[in-house]
Every structure is written in C-alpha cells, then in structure tokens.
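Reminder, nothing fancy here: chain letters follow the sequence lines and each chain counts from 1. The shown structure was predicted, so the numbers you read here are calculated from the model rather than taken from an experiment.
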Amino acid sequence: MHFDQFLQYLISGITSGSIYALIALGFTLIHNSTKLINFAQGEFVMLGGLIAISLYSAAGLPLIIAIPISIILVAIVGIVFERLAIRPLRNSSNITLIIVTVGVSILLKNVAMILWGRDPQSLPAFTGDKPIALFGATITPQALWVIAVTVITVVLLQVFYKRSIVGKAMKASAINPPAANLMGINTSNIVMLSFAMSAGFGAMAGVLITPISMTGYSVGGFLGLKGFAGAVLGGLDNPVGAVLGGVVLGIIESLSIGIIDSGYKDAVAFFILLLVLFIRPSGILGDKVREKV
Amino acid sequence: MVAVRALLKTRRTGLALYGTAMALLPLMFSNDYYVKVLIILGINILIVLGLNLLMGYAGQVSIGHAAFYGMGAYASAIVTTKYGMSPWFGLLASIILGGIVAYGIAIPTLRLKGHYLAMATLGFAEIVHVLFLQLKDITGGTDGISGISTLSIAGFLFDSPQKLYILVWIVVMAGLIISINLANSRVGRALRAVHGSEIAAASMGIDTAKYKIQIFVLSAVFACIGGSLYAHMAGFVSPDSFTLGVSITLVTMVVLGGMANVWGAIIGASTLTILEEYLKGYEDFNMVIFGLILVLVMVFMPQGLYGAGTRVIGLIKRRFKLIPDTAGEESAAS
Amino acid sequence: MPLLEVKNLCKQFGGLTAVDNVDFRVYTDQIKAIIGPNGAGKTTVFNMLTGVDKPTSGKIVFEGIDISGKKPHVITGLGISRTFQNTQIFKNMSVVENVMVGRHIRTKNGMLKCMIGLRSARIEDSESMDKACSLLKLVGMEKKANKSADDLPVGERHLLEIARALATEPKLLLLDEPAAGLNNEETGKLAEVIYKIRGGGVTVLLVEHDMSLVMDISDEVVVLNFGEKIAEGPPLLIQQDGQVIQAYLGQAVEHA
Amino acid sequence: MRKWIVLALVLSLALFALGCQGATKQTASSSSTVEAKKEAYKIGAIVSVTGPASPLGAPEKNTLLLEVDKINKAGGINGHKVEILIEDDQSDPKNAVTAVSKLLSEGVIAIIGGTTTPSSMAIKPEIAKAKIPQMAMAAGIPITAAPDEWVFRTAQSDAVAVQKVIDYMVKTMKIKKFAILSDQNSFGQSGTEELKKLAPKAGLEIVEVQSYKTEDTNMTAQLTKIKGTKAEALVVWGTNPGPAQAAKNMKELGITIPYIGSHGISNKTFITLAGPAAEGVVFPAGRALVPSSAKGAQAEVINKFMSGYKAKYKDNPNTFAGHAYDAINILADALKTAGSNNEKLRTEIEKTTGFVGISGIFNYTQKDHDGTTLNDMVMVEIKDGKWIEKKATEKK
C-alpha cells in the first residue's frame, strides 16, 4: 500500500468516523442522564437532515437560517418524545424504556417516509465542494466541517460536564437519581434537557452529513447502529470516548476495505468491537463500574 | 406443599387447555394462508420462549437472536440441498451448530453487562449476517438457497402446511413444557437470582457464569430449531429474513408480553405476529400504526400485556370482593 | 484449629489501600464482630472472605483450606455464607423463593433434569420449600412467605437475607450490618435470632455499627481503622482500649 | 393462573380472527370492485411496497393499480373485470411465503411478483405447485432457471443488461480492464456475478471487485482501492442512492476513468442526487428512458404510459414500474384468448410474440421465459442532466 493510498483510507475513515462520532455523542448524552440507550437516536439525525432540506429547497430559506431552525425543531421533537413516552415510565425497567425508543424510532421513520417520500435528498455543501489536496490524498471541505464541529462539540461538552452546574447536575442524576433529587436537582427536567440536547446534536449531525451522504427516511437505523457501536467502543459514559470510538470505528471500516475486502468491512468492524469489549468490558475509555454491596 | 401441588395441577390444566385449543385451531381454517401464519406464529413463540428464559429470567439481553434463527435455517438448508441428506439431519445439524456457536460466543460475551452485552450480541448477529451474504459458495449469497426438502417421518411427508403445523405445534408444546418446568425449578430460581442480584446469587453458591452460558445456549437452540422449521416450511432461505430488525422484533415480543413469564412470552409473540400480519394491508401506514401501538402499549402497560392483565384481574376481584384485600395487594404490587 | 484464619490480608484498589495487613481468627461457635469507622475496610474484608474481591496479598484459611481468591460459589459450597450491607434480595421473587435460592448449593438437579421435570427434581424442590419455610419461621417471617420480596421494609430485608444465607447450611455466617435501619425492638429480635443461629451450631462473624448490639452479643471484637487492625479482644477490653476510643468510639460519639 | 391461560387463549384467538378479517377487508378495498356481469379475473401480486426494496416496489404497485383501472375502464377482458390483490412483502421473503398462500386461497389465476430476486425465488415453488403462471419482476438469473414451467420474467434478465455493458466496453470504449463497485443487496450481487461470468468471455479483465452496504454514507475507501488499480472503467451496479454517492466520491478523489452504471439508476433521482457528478455517466436502460430510441409502436406505448402515470401520481415512473406494466399487460393479452384455465393461460403466455412493452418487445417461447433480448436495451448517457442514447457507432 502506498502512503498516499493509506492516507486516503485514513481520511476516508476519519470522515465516516466523525459522522459516527457525532451520533455517538447523542447516545452518550442520554445515557449520561438516564442510563438509557435511545434506539431512536438515528431518527433524530434523519429528521434533522430532512427538515433542513425542506426548509432550504422547498421554503427557500438560506442554509444559515434553515440549519438552526431544523435543530430547534428536532430538539422539540426530542422534548415531546421524552414528555410523552419516557417520563411516564421513569420507574420502569430499562429494557421497557428501550423498547419504547424502538417504537418511537419505527414511528418517526415511517412518518418521515410518508412526509418526505422514499427517495433520499441532498443539500449543497456549506463551503463549496472543491476537494482539498493533502499529500496526494484529498478531503472535502464538508468533511472538514464535520470534523471541526465534532471536535468543538466534544470540547464544549467536557467543559459543560466539568464546569457548569447543569452539566454536573446531569451527571449526578445519572449516577444516583434519588440522591440528586435530594440535593435539589430536578431530575425530571434534567432528563428532558438531555433528550432535547441529544435530539439537537442528532439533528446537527444530520444537517452536517446530508451534503456528504444524502439523507432519506431510512438512514436512521443504519446511522444509529454505527453511532451506538462507536459509543460502546469508546465507553458509553464518556463523550471523549464516544468520539474516539466513532472515529476508530470509521478508520477500522476504511482500512478493512483497503486490506481485506469491502464485503467484510462490517464484520471486521464488529469483530474488533467484540475483541475490545472482551478485553475492556466498558469500552476504551469507559469507567469500570463497581457495584457497592 | 398443598399449595405447590395445586399450582402444578393448574399448570397442567393450562397446558392441556392451550395444547388442545392450538391443535384444534387449524381445523377451523381450510386455508393454507392462515395455517402458515399459525406456523410462523408457532416458530416465533418457540424463539420467544427461549429468549424469555434468557432475558426475562436470567436478565441477559440479546439483540442477536436472529443470528441463531438464521443459522438454524441455513444449517437445514445446506445439509438438505448441498449434501442431499434427510431433513432430520438438517434439524440435528442446526441444533448442534447453534449450540456450539452459542457456547463459544457465550463464554466471553456473557461477562459483559447491560448495554455492552446488548451491543456485543448485536455485533455478533451482524457478523453472522455478513457471513450469510458473503460466503456465497455455502450460503448462496443474496439469492439464498431454494429447493429445501420437506420433513417426513417414516414416509409420512409434512408437505402441506396443515401437516407441518402439527409438527410445529408439537415442538412448541415441548418448548412450552420445558420452559414451564425450568421456570419453576431450582435452575429457574438460580436464573432469576442472577437477574435479581448477580453478586448475591454468587454468594448463595450459584455458579453465575455457568448458568448464564447454559441458558444462552438453550435459548439459541430454541431459535435454531425455529429456523430449521422455517426453512423446511418455506423451502427457501435468504439473508433478508434474518436481519437486525428481526432480532429487535423478537426482543420486543418478550418485553411486550411481559418478562419472566412463560405465558407472557406466548402473549407477546402472538400479539405481535398477528398484529404485523393484520397491519400489512395498510402498506405505508402499516409501520406507523405498528410503532404507535408499540409505544402506547409500553407507556400504559410497562409490565407488558401479561402484567397489565394480572393487575386488571386483581382490580376486578377486589371490586367484587371475590378475594380478601390482603391478597389483592400482592397482585397489585407485582 | 480455628474455623477461619486470616493472615496478612491486603487489598489495594488502584493506589488506595483498603485493607492493610489484617490478621484475625474465628473459632467455632464464636460470635465475633468487626467494627470500625466508615471506610475502615470492613466490607472489603467480607468481600474477600466470600470471594467477591480477590486479595492483593495474604491468606484466608477456612477449615484448613486456603480459600483466598476462590470464586464466590465455591466458597459458599465450603460453608461460608453472607448477608449484605446494601441488601441484595432478589426483588423479582417471592420471599420464600428467595430462601429457596439459598438451597441451591445443597441441591443437585441440573438444567436437563429440571427441563424435563423429573420426579427427583420435584421431590427435591418440595424439600427445599419445607426447609425454606422452617428458616422463615426462625427469623419470624413465615407469614410473609408468599409476598413479593420487593415489598418488604428494610428491617425484614435483613432478616430475609439471614434466612437465605442460613439455607446454604453454612458453618460460618457473615452478617454485614444486619441492624442497619432497625429500631430498638427489631434490634432486640435480631440479637435473639443471632443467638439462635449460634445455638444451631453456626459460627457468626458480623460487621456492625450498633455498638450496644456488638458489645451485647459478641464474644470477641476486631477493630479496623484505615484498613489496619488496631485492636482485638473481648468487648469489655475493647471498650477501654485507648486507641480504639480515640480512633473510633470518640468519633462515633461526636457523630451521635 | 387458569384465568390467565384462558385469557391468553381468548386473546390470541380474538386477535387472530380480527387479523384475518381485517386483512381480507384490506385487499378488497385495494382492488377495483366494479360491478361485473361475468366473474372477475382475480390476479395476485406480491410487491415490496415497504422496506429497503420499496423504491422498486412502490412504483410497481402504482403501475399495477393504474393499468388494472385502465383495463376495467375499457370494459375488462372479454367482459371479465380484473381484480388485483396486492400483497406487500416488506422486502422480506419470509412475508412473501405467507402472502403467496393468502393469494392462492383467494383463488387468483396468476401472480405477479416478486419485486426482488429472493422474494421471487421464495414464492416460485408454491406457485408451481398451484400450477398458475408467475410473472416475476426481478432480474436474478435463477428465477427462470429450471424448473421454470410456470414462471415468466418481465425484467430484463441481468444477463441482458450486463451483456449490454460488456459490449459497450469492448466495442465502443475498446478497453481491456475494468473494476466493479456494487451494492451488497441482491440487485448488486446478481449483477456482479453475471459480470464475473461474462467479462472473461469477451476478453475483459476484472481488476477489482468492491461492494458497499445499501445505506453506506461514504465510498471513498472502496474507490481509493479501485484508484490504485489499472482499471480503465468503473462499473457501478446498484439502485439509489449508492451509485449517486459513488459518483460524487469519485469526483472528490479525482478519479477520471469513465463511470458505467446499471439500469438501477435509470431514473431522475440519480441525476438529482449526483448533481454535476452525474454528467457523462453511461448505463444500460430499457428504451422507455429515451423514448426517441424506440421505434414506432414502442415509442407510443412508452409515451402513453409515462403521461398516464405522471397524471395520476405526479411522478415519473422508473424502470421497475415498466416491469409491472409489462407483467399485467402480457397477462391481460393472454387472458383474452386463453381465459382463466391455467394450462391454456401458460401456453398463451408462451405464445406471446412481438408484445410491445415498456422494457422491450417480448417474445416468450416454451423454452425462453425471459422474453426480452439485447436489442431491448440501449446505452444511455447523461448529458446536461438529460438522457441521450449512446449509439454504439459513435466512437467508431
């Protein structure tokens, strides 16, 4: 393998990987406040992309306005979702809640199919689509957008968790909801906020990747799966881990195409994921949880 | 003691009732379609019974049982079409293959907890799915395998849905009896203990790893038998039938019916299978309605259909003072 | 020969030393208590005795067998059973079923026999049931046998755990703060239960914060502070030990 | 406990009864129930209206409803109205297996379907057992492989489309080496297998075979590998949106070798999605795409169908809609002379000659159940966002 080829695989992997990373972040957010896996996470991504497309091409709004509106609308969807389907069940078992998110995901996906049709659609790249050459490899400006936003988001999230009161409250309510409640934290609002944020992040990811990969009603399941895998690989409770996991997953996929065979890329990626879990049962950067008895 | 005997007796009456009813059901339909739906229903019940033992009793989530379902189907398909062996060898092969693979994957995987375990089983199923697609010489790739022969006993061919139905329901009844026996036995309690508190279970002398692996293998074997029966009914298998979506549907059946209850598994599998079949006519709105019903049921009946039913019956009993208040408390609390 | 001998037991979590070079012995038919302030390493010692945690170094000898680092279910089989500070009852089962789980190690029917529902499995099951009922009677909970364990108040959860632990037919019973959350009357009952257990030939080692209970029932007391043993002896001596008073009792008084 | 069992029983029975009733009601309402003097001809169809194959199946369903409506408005077939019962297999052959029994129990005289190769294969044995004609709309080779007494196909077999592509590479482009990038679904894999089989016979060398999952968001890694080879052209075999993604990624990587597509991209969606990257893409398609390439009668048929479809569904029909059109109309033609007798109907379909359809001029025989030939496809190039016929003679 030539160096420029290797570099291209790497760039290709990082491009897909940062898409997975952005979605993985959404998983971490909800997991960090509820210990839940939200199977509808991918649908937020899909909704974000499709709403932005409609605002841009049907309503004729400029991107800079269409994008924030789309993110806000999806965040509202997240809030409604939490209020109607998650909140009534806050005393139920985790698996029950997960099945609810599965139901919501089926619902959102198929409503989107009726609203937007079956064909995927695209958005123009934010800053042109002329590829940038880099040591014999190329990268698109939109991929740089994705990478930059991922990095900025994860830094801001770290600051948010470590410095802000709300962020600390979020972590506290995940670790021990009754105790957090006693400390005067409104855990119910915290959960709602985390759903809103997670949905918003999902929508942002959707908007960012639509120019790269196009968005149709059915992309949610696939992207959600990759995001979930990335989050688990990195450690579900750690945003930095989620980003790392997503990017590593993307690079593994890309390199396995280069070295092995594209038909087996998903198998290779999941195989490595399993290996990592067998060695580190809580992901690369995940905390080892000890049960207190 | 008396209570235990009484319980055993009702259990048997229940089984006999359900068994006879299900055996008589196809007599009501001369139509192949209904019988085929009943066969699929039977296969789903079998798999969900096994998955319920794993998830509901032992508390270990698997989002990868479509892999075993598929492995059972492919093993049968390959053994009968490629090697021309008797379908019974196909069934046997699928049980052996499923058992060995499940055992191998269970040892490292079941050390994981919660979502990590869920992801690992999911990843395993995705790998198996890729293998179905890519090992073209063995599996036929996307086109799948056709021309799978039908089962027969001593010259009696199970070549019509009505005949195959009998076999499927015998298998389902066996699965049901096994599940009921296991659920209320020493091993069943050990499994529930692992679910309730793994650390306490270990301190009570339960080899938690061993039981987790055993029940995983058992549930995988149930799924493999289901797959094998499916292959011989349909005569055709392809990777499209064993996707992540199928794994998730199976988990949904377990939770919807009510976990850790054998009858809950039956209710869950029956409701969802029939609902899916019923909604097919709605085409574009099919899955919208399906998703909506799923969300509504879970929001209003978080214990699943069985749990909600017990509660309603408890309320009715108390309303009409059929039983003293104290006993009512018990069912309301559970 | 002591029933249990702990030699130079150490446990480190990362850089933190939770248990540091602890020695003690428990003799048959004793009631022995381990006391110490929060974070002294008492529960960690229990976790190592029962195989939940592996010792970093040191030895645990039970009836002449080195059990350090053995798996929990193996140790239970040898005759050590325990209860938990944060009760670990099986909430998904009824009270009597909880106790029946304790019979697991003393019964034999495996997966296959249970699946088929063999007669031997059923006979064994009803024996487990009888035994469980008699143990519930011992702790005074026979009336709640068919209740869901999840509905029990804290105090009864501790009693249920004791019954469950006894069902494994232990030679040594470890009780981790059994009196936590109990009122005076209940604590009195608990003391009676513990005496009855000893009367039945089971040695008891307990961790407890309730000083009056400890001083009342224990034959001997071990005091831990910051993972180290600072004193060991009969309750009366311990109460007068300067180091103990300084490190522990004084502090406890302040807190009280 | 006992009450529970009873409840479980009642519940499953009730739901089941409900299910059966509801399902039949649904099929009735989706068919055109026009008062008929003679008994209506019931035709069944198994189509992937939802699920991953829905971009193919949904237009097929639309077309079937449209055409049946047309036939009935024209007075039916010899006075018999046509009733079409459409079942959705949700792109899973498992559902096709139950759907076929449902249709057979309704007493259909022929079944159109399935949309995909696996579904078509899954229902083939059952239909053959019932001895009624099956009109498959999928391209996989094994569908019309023996035993093929009862199955016909209206999609151009993959062999035809692939041969067209190979001829184009050999005769027009005059190249020796090419690479393949295909979807991992049945459409892409069937095409790949056929390319692997036919290319060596034409003296072509396949230097690289890559694939992608239908939902993949980025194909630059696969393309990088192809870039490193000596391929002179890239053949991309898949349905939307994959091939559009590939076209865009090729541009980004600066890969300049020609892009040859499959008939899976013979629709406007590809041009919309790929944008400027679609320019210069060449692919095989039925003549419907470039009506000017069709002669006389076929041009008229195509134009009429396209305007009719557009008027009703506000959308352009794609290749797959054409397969449905051909299937229902060939059946209708055969029914005219044969009536509903199954043996006669099959013989009549086998006698179909010169049927002017969307996907080609169909000539079935007892041996050939594929109907179409190389001549029924043309190579099409995308220029300024429009389709033009790429004449084989152009470069000579």
Peer 1: Would you say that more than 12 heavy atoms from the other residues, nucleotides or ligands in this model lie under 6.0 Å from the CH2 of A/Trp145, or not?
Peer 2: no
Peer 1: Evaluate the criterion side chain to side chain contact (heavy atoms under 4.5 Å, CB included) for residue pair D/Lys227 and A/Gln5; output intermediate values, then yes/no.
Peer 2: CA-CA 9 Å; D/Lys227 195 183 179 187; A/Gln5 225 181 340; over 6 Å; no
Peer 1: If I compare all heavy atoms of A/Gly258 with all of D/Lys225, which pair ends up nearest, and what's the gap?
Peer 2: O-NZ, 3.2 Å
Peer 1: Only pairs of heavy atoms separated by less than 4.5 Å count here; which of D/Leu223, D/Leu253, D/Leu181 has the most with chain A?
Peer 2: D/Leu253
Peer 1: Side chains of A/Thr15 and D/Asn218: any donor to acceptor distance under 3.5 Å?
Peer 2: no
Peer 1: Where does D/Asp216 contact chain A at under 4.5 Å (heavy atoms): side chain, backbone, both or neither?
Peer 2: both
Peer 1: Counting heavy-atom pairs under 4.5 Å to chain A, which of D/Thr269, D/Thr220, D/Thr224, D/Thr50 comes out on top?
Peer 2: D/Thr224
Peer 1: Tell me if the CZ atom of A/Phe271 is crowded by more than 12 foreign heavy atoms within 6.0 Å.
Peer 2: no
Peer 1: If I compare all heavy atoms of A/Tyr217 with all of D/Gly51, which pair ends up nearest, and what's the gap?
Peer 2: OH-O, 3.8 Å
Peer 1: With no hydrogens and no angle check, just 3.5 Å: does a side-chain donor-acceptor pair link D/Glu252 and A/Thr140?
Peer 2: no
Peer 1: For the atom pair OG (D/Ser211) and NZ (A/Lys265), what is the distance rounded to the nearest 0.5 Å?
Peer 2: 8.0 Å
Peer 1: Give a yes or no on whether the backbone of A/Gly220 and the side-chain of D/Glu215 come within a donor-acceptor separation of less than 3.5 Å.
Peer 2: no
Peer 1: Mind listing the closest non-hydrogen atom pair of D/Ala221 and A/Tyr9 along with its distance?
Peer 2: O-CE2, 3.2 Å
Peer 1: Within a reach of under 6.0 Å around NZ of D/Lys383, are more than 12 heavy atoms found that belong to other residues, nucleotides or ligands?
Peer 2: no
Peer 1: In terms of heavy-atom proximity below 4.5 Å to chain D, should A/Pro211 be classed as side chain, backbone, both, or neither?
Peer 2: backbone
Peer 1: Looking at every heavy atom in both D/Val49 and A/Arg118, which two are closest together, and how far apart are they?
Peer 2: O-NH2, 2.6 Å
Peer 1: Quick check: are there more than 12 heavy atoms from other residues, nucleotides or ligands sitting under 6.0 Å from OH of D/Tyr309?
Peer 2: yes
Peer 1: Is A/Asp266 close to chain D through its backbone or its side chain, or both, or neither, when contacts mean heavy atoms under 4.5 Å?
Peer 2: side chain
Peer 1: Among A/Ser262, A/Pro131, A/Gly117, A/Gly263, which has the most heavy-atom pairs under 4.5 Å with chain D?
Peer 2: A/Ser262
Peer 1: Which answer fits D/Thr272, side chain, backbone, both or neither, if we ask what part of it has an atom under 4.5 Å from a heavy atom of chain A?
Peer 2: neither
Peer 1: Are there over 12 heavy-atom neighbours, none belonging to D/Lys310, within less than 6.0 Å of that residue's NZ?
Peer 2: no
Peer 1: Name the region of D/Lys248, side chain, backbone, both or neither, that has any atom closer than 4.5 Å to a heavy atom of chain A.
Peer 2: side chain
Peer 1: At their closest point, which heavy atom of A/Met214 faces which heavy atom of D/Leu273, and how far apart are they?
Peer 2: SD-CD2, 3.3 Å
Peer 1: Classify the side-chain pair D/Thr217/A/Ser213 by whether it contains a donor and acceptor separated by less than 3.5 Å.
Peer 2: no
Peer 1: Given a strict heavy-atom distance threshold of 4.5 Å, which part of A/Leu223 is in contact with chain D: side chain, backbone, both, or neither?
Peer 2: side chain
Peer 1: Report which part of A/Gln121 has an atom under 4.5 Å of a heavy atom belonging to chain D: side chain, backbone, both, or neither.
Peer 2: backbone
